[in-house]
Structure formats: C-alpha cells, structure tokens
Amino acid sequence: MAITSQQAAAATTREKANFLKPRLRPGGHPTSSDDIRRIADHQDREAFVRLFADYAPRVKAYLIRHGVTAELAEDLAQETLVRVWRRAGTFDPDHATVGAWIFTIARNLHVDALRREQHPSRLERIGMDDATEPETPAQVLETSERERQVHAALLDLPADQLQVLQMAFFAGHTHAQIARELGMPLGTVKSRLRLALARVRETLRDL
Amino acid sequence: MTVNTHPPTEVLADYISGALPMAPGLVVSAHAEHCPECRRKLRLLEDVAGALLDQTEGAPMAPGAVEAALARLETAAQVSAPPAPERSRLPDLPAAVAAAGVGFRRWFGPGRWIAPVKATRTEGWRVFLIHGPAGARMPFHGHSGSEFTCVLTGAFQDGPNIFRRGDFVETDPRREHRLEVTNEGPCLSLIACHGPMRGGLITYVVTRLFGV
C-alpha cells in the first residue's frame with residue numbers, strides 16, 4: 001500500500017516528537033546552570049554527578065552520531081564533563097546556555113581528537129567563547145528564558161528545516177555534504193538553514 | 001552594486017558544527033571579532049546546537065563511568081580564566097590568529113610581505129597574512145580553489161567594490177579579479193586558500209603583490 005502524504009507527515013511529526021524529548025528537570029531541583037555555579041564556588045561533587053547524569057550520555061550519543069566509536073565516545077564524554085568541572089568558573093550564563101557551552105566543549109574535544117589522528121600536534125579550535133565581549137543588557141535575555149525559547153522555536157520548525165539542523169549539528173556534515181546525502185541542490189540546503197535560523201531568531205526577538 | 005561582506009549563514013553553521021576546517025574557520029573568527037551581527041548569529045547557532053544536544057536521547061554510559069570521572073576530579077585543577085593567547089610581535093591580530101601563531105615574515109619589497117599562520121596547513125588549506133602598501137596591485141590569478149579573505153587593516157578594491165577592515169570576502173577563483181590596495185594606506189589581510197597553486201606559494205604571492 002502506498003504511503004499517503006498524510007501518513008508521511010504524521011510519521012515525521014512522531015519522529016520529531018521522539019527527538020525533542022522534554023529535558024527540564026522537575027520543579028524544585030537545581031538547574032544545570034545552578035550546578036555549574038555550585039561546582040565553581042564549592043567544588044560540589046553532587047552537582048557534578050547530576051550534570052554527568054544529564055550530559056555525559058547526550059555527549060556520547062552526539063559523538064556516536066559523528067561516527068566516533070562507542071569506546072572513544074565514552075572517553076570523550078567523560079573528558080567533556082571533567083572539563084566542565086575544571087572550567088566551571090569560566091561559564092557565563094549571560095553569554096551561553098548550558099547546552100551550548102557543553103556542546104562547544106564536546107565539539108572542541110572531538111575536532112581535536114580528529115586532528116590528533118591526522119597531525120600529532122594541532123591546536124584546539126578557537127571558538128566564540130575566546131572572542132567575545134559582553135552584550136548590552138537589552139540584548140541579554142534571561143538565560144533560562146532564552147533556552148526555553150530556543151527549544152520552543154525548534155519544536156515549531158518545519159520538519160525539513162529541523163532535519164538540516166540535525167544533520168549539521170549531530171552528524172557534523174558540512175552544508176555541501178548534507179546536500180549530497182539528501183540528493184538536493186546546494187541552494188535548497190542553504191535556504192533551509194537560513195530559514196531555520198531566521199525563525200529561531202524571530203522567536204527570540206518577539207520576547 | 002552591493003556585495004556581501006559577511007560569511008553566509010551556512011558557513012557560520014559549518015563553523016559552529018565543527019565541520020569547517022580550521023583554516024577558513026580562522027578567517028570566520030577574524031571577521032566575527034569585528035562584526036557584532038555575525039557574533040549574534042554564531043551565538044544563536046550555538047544555542048540551537050545546545051538545544052539539540054539538550055533534547056537528544058542519551059547513549060548510556062558504561063557502568064562505573066561517573067566514579068571514574070569523580071576519581072579524575074582530584075587531579076583536575078580548576079581554571080578560572082582561559083589561557084592568554086601567545087604574544088605576537090604583530091599588533092592588533094585577531095585573537096584566533098595570535099593564538100595559532102604567526103611564522104616569520106618574508107619581505108618582497110618596502111611594505112610588501114607575507115607571513116604564514118601556523119598550525120593551519122592541513123586538508124589542502126593554507127592561511128597567511130599578506131601586507132601591501134597603498135596602491136599595490138594584486139591581480140588575482142594562479143590559484144584554482146576556494147579563497148576566504150578578511151581585511152584586518154586598510155582597504156582594497158576589486159572593480160567597483162571596496163572592502164574594508166573586518167570585511168569578509170569569498171572570492172570566486174573562476175572570475176578574473178583586479179585587486180588593488182586603496183590609497184588610504186597599507187592593507188593587511190588574512191587569507192585562507194584551498195587547492196593547488198600554480199607555480200607554488202611564492203609565485204602566487206609575487207603575482208599578487210607585484211601584479212606580474
């Protein structure tokens with residue numbers, strides 16, 4: 001039996017719903033951002049255990065999607081959380097969400113591991129965290145509010161735009177690789193990325 | 001005619017995802033240091049990447065993983081600030097370039113030099129700084145791959161378009177370009193290029209700086 005477009009759309013919505021699991025901790029529990037603060041201020045190991053439970057498996061899943069072996073993904077996920085511990089004092093909630101901050105640490109470790117494979121002494125990738133200046137208060141949203149809005153905006157994205165974002169950030173594909181993989185013109189991938197970002201941005205601007 | 005002087009969104013996305021090689025990534029960083037608009041976009045892309053990470057289903061860690069991590073914390077010293085970038089004898093370099101390190105300058109005449117940016121010669125890319133005095137001609141040829149440029153000081157002109165400090169330029173190697181440093185003063189640019197260069201780097205540079 002041929003799959004109707006309605007069925008296909010329903011499947012996509014289901015997939016999307018599966019992918020976008022609720023992530024917020026139950027009310028009354030410290031947020032991940034609080035935990036990072038506790039680590040920075042008091043070397044709080046319980047806070048570390050909570051963050052580890054939340055993020056190590058996600059980082060591992062992210063690395064496996066990038067084609068890293070399960071064994072190396074396990075090591076790098078552990079290293080990512082150890083770096084979170086060491087760098088907790090540098091986390092600036094006005095500049096980044098917890099997810100974004102941990103993502104950049106994991107990405108740098110991954111890029112670094114790839115480089116070590118090819119070249120024994122390569123420098124760590126320089127990220128935006130190294131070249132920032134404080135934004136004016138009007139530009140700074142309450143981080144948790146910003147986090148919530150970005151999550152909501154992703155849920156609202158059309159499936160084709162979300163797919164391109166996932167392939168970019170979870171499979172680590174360049175936009176050219178995404179186009180090849182999906183068998184679509186490069187221009188389509190570019191416009192989906194631009195539309196997706198414009199939508200997320202629009203949501204944040206409405207606040 | 002207006003030309004785009006910012007990296008396109010998909011290049012910024014590749015930069016944040018880690019898929020963009022380090023060499024063109026340095027040019028993107030150099031531009032972002034000057035451009036609040038692109039910094040906002042990069043932050044937005046990081047937030048999106050972070051939200052996708054937050055929402056993803058985790059892969060279970062091996063038994064004992066958290067204990068192993070806790071044991072490592074004993075020896076993991078906490079840092080309160082990122083390490084200061086290496087000092088460079090060239091002032092006003094973008095932080096990312098200073099951190100990568102710049103090799104020795106090769107002089108080709110008064111005010112005309114190039115210097116390689118270290119740790120970037122991979123995946124077929126090279127990055128270098130190129131400096132020319134006011135009015136220097138830099139015809140574009142002898143090169144067959146992608147090229148990303150960020151103007152660090154001064155300005156250069158390509159036909160009717162003038163590119164100034166902070167501008168990001170992606171040149172199409174199939175087109176003939178006639179680049180010229182404007183009369184306002186010397187121009188320093190950061191260039192990442194990909195692909196073989198006919199006659200090697202020196203020939204390329206000499207043709208750019210002297211208009212041979």
Side-chain angles (χ1 to χ4, degrees), chain A residues 19-21 23 45 48-49 52-53 56-58 60-62 64 73-74 77-78 81-82 85-90 96-97 99-104 107 110-111 118-119 122-123 125-126 128 130-132 146-147 150-151 154 165-166 168-170 172-175 189-190 193-194 197 200-201, chain B residues 8-14 16-20 22 25-26 29 32-33 36 39-62 65-66 68-70 72-73 76-82 85 94-97 99-101 118-120 122-123:
Chain A
F19 179 76
L20 298 174
K21 291 263 183 239
R23 54 162 296 280
R45 295 165 76 94
F48 179 80
V49 170
F52 193 94
R58 290 188 182 126
K60 184 176 175 182
Y62 155 79
I64 289 172
E74 174 92 18
Q78 192 186 98
L81 272 293
V82 171
W85 170 271
R86 287 175 51 207
R87 296 183 184 179
T90 68
T97 61
W101 187 59
I102 295 181
F103 171 87
T104 59
R107 176 204 62 200
H110 176 229
V111 168
Q118 295 159 353
H119 294 268
R122 294 289 301 266
L123 291 168
R125 180 181 193 81
I126 308 297
M128 282 316 292
D130 300 300
T132 54
R146 187 179 167 92
E147 212 164 28
V150 174
H151 283 253
L154 289 184
L165 289 180
Q166 287 168 344
F169 295 117
F170 274 106
H173 288 333
T174 63
H175 62 278
V189 173
K190 290 182 185 178
L193 269 172
R194 287 175 198 183
L197 199 66
V200 176
R201 195 175 214 187
Chain B
T9 300
E10 64 276 8
V11 170
L12 297 178
D14 290 352
I16 292 299
S17 78
L20 191 68
M22 187 180 178
L26 276 177
S29 312
E33 270 190 40
R39 281 204 300 277
R40 272 195 286 279
K41 270 190 172 178
L42 288 169
R43 183 183 167 194
L44 196 62
L45 284 160
E46 268 180 6
D47 281 348
V48 166
L52 289 169
L53 180 69
D54 281 345
Q55 291 166 345
T56 198
E57 187 93 52
M61 295 289 283
V66 70
L70 282 166
R72 291 186 55 199
L73 300 185
Q78 292 204 348
V79 290
S80 53
V97 174
K118 292 176 188 168
T120 50
T122 48
E123 298 158 90

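Numbered from 1 within each chain, the chains take letters A, B, ... in sequence-line order.
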B/D47 side-chain N/O to A/A100 backbone N/O, donor-acceptor pair under 3.5 Å: no
Nearest heavy atoms of A/L154 and B/A51, plus distance in Å: CD1-CB, 3.6 Å
Winner by heavy-atom pair count (cut-off under 4.5 Å) against chain B, out of A/I64, A/L197, A/V49: A/L197
Pick from B/A49, B/A59, B/G50, B/A68 with the largest number of heavy-atom pairs that fall under 4.5 Å of chain A: B/A59
Proximal component of A/H110, with respect to chain B [non-hydrogen, under 4.5 Å]: neither
Chain B interface, residue from A/E74, A/K190, A/R194 that has the most non-hydrogen pairs under 4.5 Å: A/E74
Spacing of CG belonging to B/L73 relative to CZ belonging to A/R45, to within rounding of 0.5 Å: 5.5 Å
Interface residue of largest heavy-atom contact number with chain A, from B/G58, B/P94, B/A13, B/P60, under 4.5 Å: B/G58
Interchain contact, A/L165 with chain B, by part (heavy-atom threshold 4.5 Å): both
Contacting region of B/L12 [heavy-atom separation from chain A under 4.5 Å]: neither
Approximate separation, where rounding is to 0.5 Å, of B/T56 OG1 and A/F103 CZ: 11.5 Å
Value rounded to 0.5 Å, distance of CZ in A/R107 from CD in B/E46: 6.0 Å
Shortest non-hydrogen contact between A/F52 and B/A69, atoms and distance: CE1-CB, 3.5 Å
Heavy-atom pairs under 4.5 Å with chain B, option from A/H173, A/H175, A/K60 with the top count: A/H175
Spacing of CG belonging to B/L53 relative to OG1 belonging to A/T97, to within rounding of 0.5 Å: 9.5 Å
